[in-house]
A.B. asks: 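Dropping the structure in here first, questions after.
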Amino acid sequence: MSARVSSRRTRIDEELLRESLEINRRGHNGWRAEVLARAAAAGGTAAGRILSFVLTVLAAVIVSLPLVYLSGGDGALALDALIAGSWGSPIAAAETLVQTVPLLISGLAVALAFHAGLFNIGVEGQLVVGALSAGIVGATLPLPGPILIVVCVAAGAAGGALWALIPALLKAYRGVHEVVTTIMMNYIAFNLSTFLVSPSGPFVSSSQPSATEKIPIEARLPILVPGTRLHAGLILAIVLVIAVAWYLYRTPGGFSLRLTGANPRAARGAGISVPQTILRAMLLSGALAGLAGAVQVLGLFGRYFDAFSPGYGFDAIAVALLGALSPVGIAAAALFFGTLDSSAVYLQAQAGVSREMVGVVSGLVVGFVAAQPAILRLLRRLRARKARTRPNPSPDDLDRVLATVVPVPLADPDDAISHGLAETEATR
Amino acid sequence: MSATAVRLAGITKRFGAVTANDGIDLAVRAGTVHGVLGENGAGKSTLMKILFGMIRPDEGTIEIDGKRVELRSSADALAQGIGMVQQHFSLVGPFTVVENLILGRDSRALWRRWLAPLPLSAARERARELSERFGFGLDADARCQDLSVGARQKVEIVKALWAGATILVLDEPTAALSPPEAEELYALLERLRADGTTVILISHKLPEILRLCDRVTVLRDGKVVGTREIDRADMDAISRAGVEADLVHLMIGRERPTVPERHPRELAPVLSVRGLTDGGRIGPVDLEVAGGEIVAVVGVEGNGQSALVDLLTGVVRAKAGSIVLDGAELAGRSTLARLRAGLAHIPEDRHAQAVAEEMSLIDNASIGFTTGAPFAPTRLWLSKAKRRRLAEAIIRDRSVRTPGPDAPMRSLSGGNQQKLVVGRELARAPRLMIAAQPTRGLDIASTTAVHEALMKLRAAGAGVLLLSLDLTEVFAISDRIVVIRQGVLVGEVATDRADPERLGAWMSGAAGGEEAA
Amino acid sequence: MSILSMSLVIAAIHLAVPIILPLLGGLISERSGVMNIALEGMMLVGGLTAVVFSFLTGDPWLGLAAAAVSGLISGAALALLTVTLRANQVVASTAINLVGAGLTAALVPIIWGTDGTTPSVAKIPPFVVPGLSELPVVGQLFRELTLVDYGTFVLVVGVWWVLFRTDTGLRLRACGESAESADSAGIDVVRTRFVAVALSGAFAALGGAYLSIVILDAFQAGMTQGRGYLALAALVFGKWRVWPGVAACVVFGLADALALRSQIVAPDIPHDLLLAMPYILALVALATFVGKGTAPAAVGKEFARA
Amino acid sequence: SSSGTPTATESADEFVWTMVTDQAGLGDKGFNDLAKLGIDQSAEELGGKAQVLQSSDQSQYVTNLQQAISTGSTVTTAVGFLLADAIVEVAQANPDELFTIIDSEALDEAGTPLPNVAGVLFKEQEAAFLAGIVAGLTTESDTIGFVGGMEIPAVQRFYSGFAAGIESVNPDATVTAAYVGSFADSAKAKELALGFYDQGADIVMDVAGGGGIGVFDAAKQLGDGHWVVSTDTCKVDLAPDNFLTSAVKDVAGAVLRENTAAAEGTFEGGTVTLGLADGGVGLCQENIDSLSSDILTVVDTATTAISDGTLVPPATPEELAEFTAPAL
Ligand SMILES: Nc1ncnc2c1ncn2[C@@H]1O[C@H](COP(=O)(O)OP(=O)(O)OP(=O)(O)O)[C@@H](O)[C@H]1O
Ligand SMILES: Nc1ncnc2c1ncn2[C@@H]1O[C@H](COP(=O)(O)OP(=O)(O)OP(=O)(O)O)[C@@H](O)[C@H]1O
Ligand SMILES: [Mg+2]
Ligand SMILES: [Mg+2]
């Protein structure tokens with residue numbers, strides 16, 4: 001038994017290592033087959049997810065039809081508007097993506113903290129401070145356009161991280177529960193931002209109340225599709241999905257973070273500093289939140305507006321959990337919420353559904369999605385019973401459909417949240 | 001002879017693809033102790049949970065005292081006079097002992113339960129009574145989470161007997177007890193039997209089964225593979241060995257695997273601890289472990305074994321003292337540095353310290369391997385493929401039963417989780433392995449496998465520090481035994497010169513302590 | 001002019017009670033193991049229901065009772081999702097919040113034909129305590145508080161008593177600490193949690209009704225203004241215990257009242273900063289002496305028997 | 001404007017009068033509801049139909065304005081200064097469409113008003129000045145409060161005019177401003193108003209938006225002798241016994257005027273600022289008879305002075321600091 005030791009090398013049983021590499025070489029049909037097999041499995045899962053998801057949304061829409069009529073809307077038009085308003089035209093699709101971007105990035109922020117066992121309800125405040133930082137920097141620093149974009153984006157991330165710093169320190173080193181500190185930080189952020197762009201505030205625009213001066217056009221995120229508002233924030237969001245996924249699942253830092261969230265004592269036993277990991281997770285989460293705010297300012301509004309956020313940071317919690325905390329799942333969940341948001345405009349204009357009723361419909365959809373794992377469980381049980389009572393089970397059509405749908409709910413984040421909420425001990 | 005207290009007929013329970021119980025028939029005579037044996041995952045706990053109403057069987061019937069019953073919940077089982085001590089603690093940590101005892105037992109009218117104060121003082125009195133009768137010495141107002149594992153086990157037993165259970169189910173009750181504590185339990189069970197209580201006992205420890213049980217049923221893969229009467233009155237060493245071999249054969253389908261012989265070796269020190277203390281509960285501790293030596297630290301739970309391990313692994317910083325491993329001073333160094341220097345650790349509390357249940361086997365196998373090459377050559381890259389290979393190698397080497405390396409850790413049975421942890425720690429190529437209760441809850445085959453692994457380490461010249469409550473284990477594999485009491489090592493003895501009886505007395509601080517050396 | 005007066009105390013009570021009531025709801029729910037961040041939506045439902053029934057019957061007490069019932073219903077909806085169907089608790093809460101906020105805002109124009117704010121309805125009158133109201137200084141308190149304020153105090157004591165002194169409370173807390181342990185002690189975890197979550201809705205709804213028919217006499221869309229979340233913060237601040245939690249609410253109420261009133265006597269301090277003071281002080285308190293608290297161990301975890 | 005003023009080309013029954021709100025939306029009993037009244041009146045008087053698109057967040061302004069256009073809106077009225085950037089963007093992209101924005105102007109990059117957008121600003125300070133006169137002459141305690149929602153420019157104009165009006169007729173009276181921190185928290189607005197009354201104020205001005213019902217409720221609760229001065233609309237019915245007066249803004253009239261211009265083909269872009277002189281702002285007329293003739297005399301004097309430009313009420317705190325009260 002031999003061991004190689006160096007400062008940049010993990011100590012490991014070399015014999016075992018060799019043996020494990022051999023498994024690789026002797027491997028079944030080589031990595032190609034394995035990749036194909038895994039892709040096929042993932043494809044099957046994805047198909048099941050999409051199918052069950054569509055069914056869920058349909059169910060929710062059907063349930064909300066009476067409400068739509070009650071509020072004076074036109075149900076038939078509403079169904080049409082729901083689809084047409086979000087994906088019916090290139091412009092609508094672009095608008096859906098515009099609505100998706102902030103939810104996606106802030107959803108990643110929530111999820112990153114969750115993976116470390118932290119419930120960051122402060123994403124909203126961090127997002128506001130990030131937007132504010134980007135807005136102020138963009139409106140005041142006399143830098144050439146491309147450089148200014150980078151500086152503004154960085155300022156947004158830094159602002160968000162700064163806003164997460166106090167809860168992070170209190171959590172990591174004093175064990176103060178992050179839920180209460182981040183809620184407090186939210187209120188402070190709202191009051192501070194209001195003050196900074198109030199008439200007596202230092203950064204208010206001379207022509208536009210409750211906002212900063214405009215950021216020069218060259219320093220805004222470029223529009224991706226001319227004639228729409230779809231901006232480069234989408235690309236940033238996609239990059240962030242990949243980056244967060246990479247970080248969580250393909251870096252040692254991400255591993256420490258997930259392990260700390262899953263079992264802080266095990267992490268500590270493996271030589272991971274729990275307080276440092278908490279600090280890092282919270283700061284990264286804040287930075288992502290700040291980016292979400294900065295992207296709205298730099299891509300959509302061109303300046304910071306007070307109260308620009310309808311609560312992206314709160315919706316992000318649902319987005320993150322709906323996406324089962326996985327970056328790709330979050331992208332899907334954000335797209336789903338973005339679809340609801342962008343169809344809201346159409347629903348109002350074309351089908352006479354008030355914005356309040358649109359809120360009710362999205363609530364019902366979220367409720368159905370939340371209940372989906374249970375409904376699927378029920379179907380599975382019925383199917384199992386049926387299969388057992390039949391002497392010779394032959395899958396009929398319904399069974400085949402259920403076979404694809406049933407084992408794969410859109411998201412079953414229960415496990416994630418339960419360990420996410422487990423108290424992370426920060427004792428040294 | 002006597003009436004049948006419990007009759008299970010045709011019990012079948014499936015969990016997805018797993019059939020945990022497969023048409024099980026079991027009859028338990030009233031006033032006897034009935035043993036249930038089987039490997040990890042054989043379906044013992046599932047069967048007992050069905051009897052306790054916690055799991056609804058897919059098929060099968062239950063009769064209590066000859067009457068067919070429907071057990072929809074543990075409330076129903078309690079009402080039938082069944083009490084159960086779970087394999088995993090079922091106490092509410094932040095509640096006091098007495099609160100745990102009366103939990104769910106209040107039978108007053110509903111409005112009283114909403115309005116009237118809890119009948120705590122009466123319960124306290126009764127708890128004191130029971131505790132005294134069994135010689136437990138429980139503090140009724142202590143919080144359960146502050147109690148040692150042994151004390152918690154006692155609370156569980158008192159809780160099961162609280163409502164005057166006539167049928168008592170015990171699922172591996174001695175896995176967490178020290179030998180003197182286990183003795184107390186045995187005496188208690190004898191007394192209960194004498195009082196006419198029916199006891200069902202699940203255990204992996206054959207000696208205690210042979211000593212206590214009137215009859216044993218062996219499960220394998222969810223099926224009953226045999227039932228044996230045990231004539232306790234007439235059992236000498238030879239017939240005992242015969243029965244044991246018979247039961248082992250029933251359980252695992254082959255002979256008991258043997259642990260390799262220990263061979264004396266040239267010894268060079270690997271670990272040398274001097275004056276180690278946390279400034280309070282523990283130390284100063286002086287301890288040497290040589291390469292090729294297994295040193296067992298024994299003591300009653302709560303005497304500082306955990307604290308000693310924490311100091312050695314660096315999870316808790318020492319106030320004073322030195323820890324030298326292979327000539328390198330580790331006392332001031334981080335846990336990570338200690339792992340790199342050749343320390344490995346099988347923690348005593350698997351759930352709390354060793355595994356992340358929600359993470360995959362791949363992730364769990366790579367805990368502690370994610371800083372530095374080969375898995376993480378840079379801070380931006382942690383190889384999944386290589387970690388998968390590592391997990392696969394460990395799964396194969398340690399025969400972990402799992403659907404695959406991507407499965408979440410929680411989907412494994414406790415024994416298989418433990419095997420993965422052992423494999424992971426062995427993969428560190430340790431110079432010193434700290435093995436704390438490494439076979440707690442493991443079946444005979446797995447236990448032997450762990451022992452083999454530790455012996456192999458020893459043969460390779462590494463040191464092993466074994467912390468164990470199981471004296472059979474200590475005698476089977478250790479070279480030297482040190483006794484810890486109230487945070488200090490009170491003495492040591494070579495294993496082949498140690499005497500279990502005296503060791504027990506020594507651990508509990510009774511007579512005959514210090515003079516051994 | 002001094003800002004320390006009886007009316008400051010009354011203001012603090014008025015600002016604290018609509019946090020205390022949802023706090024009690026959150027406490028019951030989380031102690032039973034279900035995270036309830038739908039307090040905000042349930043408050044809105046209660047606020048509107050109280051006004052509708054006060055409007056229909058002319059009796060604000062019937063409004064209050066109806067609000068409690070509406071809370072039971074929205075609580076039962078959350079319980080159905082989280083306890084019975086084992087849906088994710090945060091996602092389910094989000095659904096209730098969205099439906100609660102949307103439905104209450106949408107119903108106002110459907111019922112009254114006007115947007116945003118309902119007409120004035122009969123409100124709960126102050127209760128003049130005989131004798132005590134004649135006292136100097138404190139007399140004002142006993143003239144201006146309503147029976148609901150006193151009732152809230154009774155509810156606080158009651159929740160504390162039931163949760164921490166009775167068998168029902170012991171069972172409920174056991175479900176919140178370890179559902180498996182509670183189950184093996186013969187407790188029906190699903191039923192206990194269902195009742196707890198439904199009750200938590202009733203408490204939250206009473207908080208909403210307090211805003212609409214005790215402080216004011218009308219319902220306004222979104223009138224809760226984040227008090228449901230503040231209650232959640234107070235819950236954590238008070239470490240899931242009744243009295244510290246209520247104390248946190250009282251501190252929030254008092255700090256809010258002070259932040260509002262100090263503007264009157266010290267108009268030169270930027271008011272946005274004054275309004276942020278309560279939250280800054282809360283942070284300082286947390287950082288210095290409050291320290292860490294532990295949630296009930298099973299909060300957020302679903303429970304299902306095999 | 002110079003090249004081809006855009007005009008409405010539809011016939012009367014094809015008219016669509018659209019209003020787009022910011023996220024505050026309808027139900028404020030203030031300028032959103034007034035704007036709604038304006039488009040309803042437009043439909044009644046000019047024909048066609050009225051529609052409202054409420055935004056639930058800032059990112060929807062542009063899409064809502066575009067939606068309005070695609071539903072064939074004749075004139076699209078954006079209500080609130082927060083929509084300024086959005087209306088510029090949409091109006092520049094759709095030069096043939098007509099827009100009105102309330103409480104803001106719509107300027108291009110060079111700072112010139114867009115030809116297809118009418119920006120309507122109000123001199124709230126002028127109405128508030130008159131309200132200040134009423135308050136200053138009514139107060140017996142010489143202590144007056146001002147409850148603002150948030151300190152935005154429109155609220156500052158109300159405050160500056162109000163304070164100047166009080167100072168002009170009652171130099172001994174003090175007026176103090178305090179803010180709720182939100183335009184929607186009526187419970188806090190009520191506590192703030194109660195605080196003012198508790199500190200001896202007998203009049204409180206409500207510029208708290210939707211939260212204003214809290215100010216009225218405070219006065220109602222305390223009963224006679226506790227007055228409320230309100231804003232935007234009359235609101236007598238909220239508390240008939242406590243309502244003193246209101247500094248009203250004729251948003252409905254302004255909307256109707258721009259829509260009429262469009263219907264008649266005389267729509268002109270650019271910024272208009274409406275004050276006392278054009279009847280764009282003023283005191284509530286519903287209860288004007290309940291004010292004493294002494295007060296009304298002073299109000300009339302001030303109205304004349306303001307209308308002919310000899311008296312310019314301050315619109316910001318800075319102007320208020322430099323304002324010297326005239327003899328009225
Ligand atoms: N709730 C569950 N869901 C899925 N599978 C389960 C569940 N409970 C038990 N099993 C599976 O059923 C089988 C029997 O488990 P059981 O706990 O009864 O074994 P056991 O004999 O008690 O083992 P041990 O000696 O390790 O305690 C195992 O394969 C186990 O993984
Ligand atoms: N934080 C603490 N403060 C004071 N005493 C403690 C603390 N933690 C543990 N103890 C007590 O110190 C003694 C030694 O604890 P330690 O955990 O090291 O013992 P142990 O033998 O491993 O037992 P167990 O694992 O059951 O706790 C026990 O009596 C324990 O109850
Ligand atoms: Mg078991
Ligand atoms: Mg221990």
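Quick note on labels: first sequence line is chain A, next is B, and so on, each numbered from 1. Every heavy atom of this structure was used, including side-chain atoms; hydrogens, water molecules and symmetry mates were not.
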A.B. asks: Is it true that atom OH of D:Y197 has more than 12 heavy atoms of other residues, nucleotides or ligands lying nearer than 6.0 Å?
C.D. replies: yes
A.B. asks: Given heavy-atom pairs under 4.5 angstrom as the criterion, report whether the side chain, backbone, both or neither of C:T117 touches chain D.
C.D. replies: both
A.B. asks: Which residues pass the side chain to side chain contact (heavy atoms under 4.5 Å, CB included) test with D:A187, not counting sequence neighbours?
C.D. replies: C:L211, C:I215, C:R227, D:D185
A.B. asks: Can you name the residues of residues 237-255 of chain D that have some heavy atom under 4.5 Å away from a heavy atom in chain C?
C.D. replies: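 Residues of residues 237-255 of chain D touching chain C at under 4.5 Å: none.
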A.B. asks: Please round to the nearest 0.5 Å and tell me the distance separating atom CD of D:E151 and atom NE2 of C:H271.
C.D. replies: 5.0 Å
A.B. asks: With distance as the sole test, does C:Q263 use its side chain to make a donor-acceptor pair with the main-chain N or O of D:Y179 at under 3.5 Å?
C.D. replies: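 Judged by distance alone, yes, a pair lies under 3.5 Å.
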A.B. asks: What distance separates C:D256 CG from D:K188 NZ, expressed to the nearest 0.5 Å?
C.D. replies: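 It is 4.0 Å, given to the nearest 0.5 Å.
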A.B. asks: Of the backbone (N, CA, C, O) and the side chain (C-beta and beyond), which part of D:V147 lies under 4.5 Å from a heavy atom of chain C, both, or neither?
C.D. replies: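 For D:V147, no heavy atom lies under 4.5 Å from chain C.
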A.B. asks: Answer yes or no: does atom CZ of C:F153 have more than 12 heavy-atom neighbours from other residues, nucleotides or ligands under 6.0 Å?
C.D. replies: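 Counting neighbours around CZ of C:F153, 12 or fewer heavy atoms of other residues, nucleotides or ligands fall under 6.0 Å, so no.
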A.B. asks: In terms of heavy-atom pairs under 4.5 Å with chain D, which of C:V108, C:L275, C:L216 leads?
C.D. replies: C:L216
A.B. asks: Could you pull out the closest heavy-atom pair between C:I264 and D:G195, with the gap in Å?
C.D. replies: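 So the two residues come closest at CD1-C, 3.7 Å.
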A.B. asks: Please name all residues satisfying side chain to side chain contact (heavy atoms under 4.5 Å, CB included) with C:A255, sequence neighbours left out, ordered by chain then number.
C.D. replies: C:P278
A.B. asks: Checking C:Q220 side chain against D:G210 main chain: does a donor-acceptor pair fall under 3.5 Å?
C.D. replies: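 Yes; judged by distance alone, with no hydrogens or angles, the pair exists.
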A.B. asks: Supply the atom-to-atom distance D:L194 CG to C:E144 CD, rounded to the nearest 0.5 angstrom.
C.D. replies: 7.5 Å
A.B. asks: If I measure from the heavy atoms of chain C, does D:A184 come under 4.5 Å with its side chain, its backbone, both, or neither?
C.D. replies: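 For D:A184, backbone and side chain are both near chain C.
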A.B. asks: Pick one of side chain, backbone, both or neither for D:S186, based on which atoms fall under 4.5 Å of a heavy atom in chain C.
C.D. replies: both
A.B. asks: Taking side-chain hydrogen bond (donor to acceptor under 3.5 Å, both in side chains) as the cut-off, I'd like each qualifying pair that reaches into residues 207-226 of chain D, sequence neighbours left out, listed once.
C.D. replies: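 Non-adjacent pairs meeting side-chain hydrogen bond (donor to acceptor under 3.5 Å, both in side chains): C:K123-D:D217, C:D217-D:K220, D:K190-D:D217, D:K190-D:Q221.
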